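Treat the numbers as computed from the prediction; the structure is a model and nothing was measured.
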Amino acid sequence: MALKDGSSAYPLVDGIPVLLGSERFVPTGSPDALHPVPGLNDPVYTETHEEEIEYYNAAESRRVNLAVNGAAKAEYLEGIIGCKNIAAARSFPEPDDVWIEAGNESLCLFEAYRHLAPVGGKTFMQIGGTGSHSVKMLLAGAERGFLLTPMIEEARYALCLAEIFGVRDRFAPVVGLGEQIPFKADFFDSVFSFACFHHTRLEYVSGELYRVLQEGGKFAGTDPWKTLLHTIGTRMLGKQERDVHCRPITEERLAALERWFPDMTVNWHGPLLRYLRLGLQKLCLDFLPKSEPAMMKTMRADDFLGLLTGMKGGVIVMMGVKPDRNSQPTSKN
């Protein structure tokens, strides 16, 4: 895929644009040839290329399973499958038993969705993952939906998902990085990332979010928060997934977002029961109820325990709005 001015080109894989700077082709003698293409040792690309592509590109087997078995194998869309009338469910994100399938992060997802609502007629981007949130936004009435992921197999999975749920004509996956979002400024009404920001360099992502959002545009993200219990638990039982630059959010990393979105809201959830459940799951001993209503109740109980003990939660919801230009921050160093 070449740019209109012919200055550079990017590969297309199965119709999916691969818009990574490290994949850019620059013709000899063109003006862009004077500017070196970033190498894979560039810190922006390090996290993506060292281990994550190999790890997350394993989504191919899940895509084949989805293509063969259809909606029954669509992860995180179980409630949508059981909804007989999608039009009646456009009270998004309610009822939560239709729109929310997030296990230990169910309450966080509900908060994030509620912040982004209403989504009717809007242009939405999901950062990271296999496109389930973008598909749900389209089913809830969004005009256009995009997935931005550095993993080609996640993009392929997302295309299959959109086809199955009848929103392919309004959906497009793009291979790219949150640190260098390959879209023009002021393009999106809303952006969402579910448990993916902690795999990124937020000092780069934050400014990119601000750039691509329209004035009044909203972003939301849910991610693990760095706590003492997290440190102890991972040392004893290991991480939920192997070490693919999974770094829970800290005050320092959160500050990068707050510099661009000074009025953003941050909510903490689940400092105790969440880790108990994760530990039981690691040991294959999880006997607690797994329905979404039960998960929501467990998280609310966990929040109450957090208040009693004075502990911040193990997972956070970050929600912000891009201010109009008359009130934008004066310094973004």
Side-chain angles (χ1 to χ4, degrees), residues 43-44 46-48 52 102 104-112 114-116 127-128 177-181 191-211 213 218-241 243-279 299-300 302-323 327-333:
V44 175
T46 299
E47 295 195 7
T48 299
E52 293 198 353
N104 296 309
E105 281 76 44
S106 295
L107 184 57
C108 298
L109 183 61
F110 182 71
E111 277 189 0
R114 190 167 54 187
H115 171 69
L116 298 173
I127 296 181
L177 298 178
E179 289 88 344
Q180 290 184 334
I181 298 176
V191 176
F192 177 59
S193 172
F194 183 74
C196 290
F197 281 159
H198 71 288
H199 290 290
T200 69
R201 298 283 295 271
L202 273 177
E203 67 269 31
Y204 298 113
V205 173
S206 304
E208 285 293 271
L209 283 176
Y210 188 94
R211 182 182 64 80
L213 280 170
K218 300 176 181 178
F219 86 86
T222 70
D223 278 278
W225 180 255
K226 183 69 171 177
T227 67
L228 179 60
L229 287 177
H230 175 275
T231 301
I232 295 172
T234 53
R235 286 179 180 174
M236 292 177 60
L237 300 173
K239 294 185 177 183
Q240 283 184 271
E241 46 194 32
D243 190 5
V244 283
H245 296 284
C246 173
R247 298 179 299 147
I249 306 299
T250 62
E251 294 283 1
E252 180 181 4
R253 299 184 72 200
L254 191 61
L257 273 171
E258 291 173 330
R259 280 195 291 272
W260 289 90
F261 300 91
D263 297 325
M264 66 180 284
T265 299
V266 181
N267 293 336
W268 283 262
H269 294 286
L272 296 170
L273 297 180
R274 178 176 185 271
Y275 287 124
L276 172 63
R277 179 157 222 152
L278 290 173
M299 287 199 72
R300 289 189 174 101
D302 211 359
D303 289 350
F304 181 70
L305 290 175
L307 287 174
L308 290 179
T309 60
M311 296 180 64
K312 281 189 174 181
V315 62
I316 62 171
V317 186
M318 300 159 281
M319 298 169 284
V321 178
K322 181 176 178 176
S327 60
Q328 67 181 345
T330 57
S331 177
K332 306 184 187 72
N333 296 323

Mind checking the OG1-CE spacing from Thr265 to Met318? Nearest 0.5 Å is all I need.
12.0 Å

Considering non-hydrogen atoms only, spot the tightest contact between Phe197 and Ala220 and give its length.
CE1-O, 4.5 Å

Say you draw a straight line from CE of Met319 to CG of Asp263; how long is it, rounded to the nearest 0.5 Å?
13.0 Å

Is there side-chain contact between Leu107 and Asp303, with heavy atoms separated by less than 4.5 Å?
yes

Does any non-hydrogen side-chain atom of Phe219 lie less than 4.5 Å from one of Met264?
yes

Any chance you could measure Ile316, atom CD1, to Asn267, atom CG, to the nearest 0.5 Å?
9.5 Å

Separation between CD1 of Ile249 and CG of Leu257, rounded to the nearest 0.5 Å:
7.5 Å

For Leu213, does its backbone N or O pair with a side-chain atom of Lys322 as donor and acceptor, under 3.5 Å?
yes

For a quick test of reading the model, state the closest non-hydrogen atom pair linking Ser193 to Ile127 and the distance between them.
OG-O, 3.5 Å

Determine yes or no for a side-chain-to-main-chain donor-acceptor pair under 3.5 angstrom, with Glu179 supplying the side chain and Arg201 the backbone.
yes

By salt bridge (Lys or Arg N to Asp or Glu O under 4.0 Å), Glu258 pairs with (sequence neighbours left out) none

Establish, from distance only, whether the side-chain atoms of Glu105 and His269 form a donor-acceptor pair under 3.5 Å.
no

Output all residues satisfying salt bridge (Lys or Arg N to Asp or Glu O under 4.0 Å) with Glu252, sequence neighbours left out; order by chain, then residue number.
none

Using side-chain heavy atoms (C-beta onward) and a distance below 4.5 Å, is Leu307 in contact with Leu305?
no

Those residues that, when tested against Arg114, pass salt bridge (Lys or Arg N to Asp or Glu O under 4.0 Å) (two or more places apart):
none

Only residue of Trp260, Tyr204, Phe261 satisfying side chain to side chain contact (heavy atoms under 4.5 Å, CB included) with Leu209 is Phe261

Looking at CD of Glu251 and CH2 of Trp225, how far apart are the two atoms once the value is rounded to the nearest 0.5 Å?
4.0 Å

For residues Val191 and Leu116, report the shortest heavy-atom separation together with the two atoms involved.
O-CD2, 4.0 Å

Would you say Arg211's side chain and Ile181's backbone share a donor-acceptor pair under 3.5 angstrom?
yes

Shortest non-hydrogen contact from Thr222 to Cys108?
CG2-O, 3.9 Å

Is there a donor-acceptor pair under 3.5 Å between the side chain of Asp223 and the backbone N or O of His198?
yes

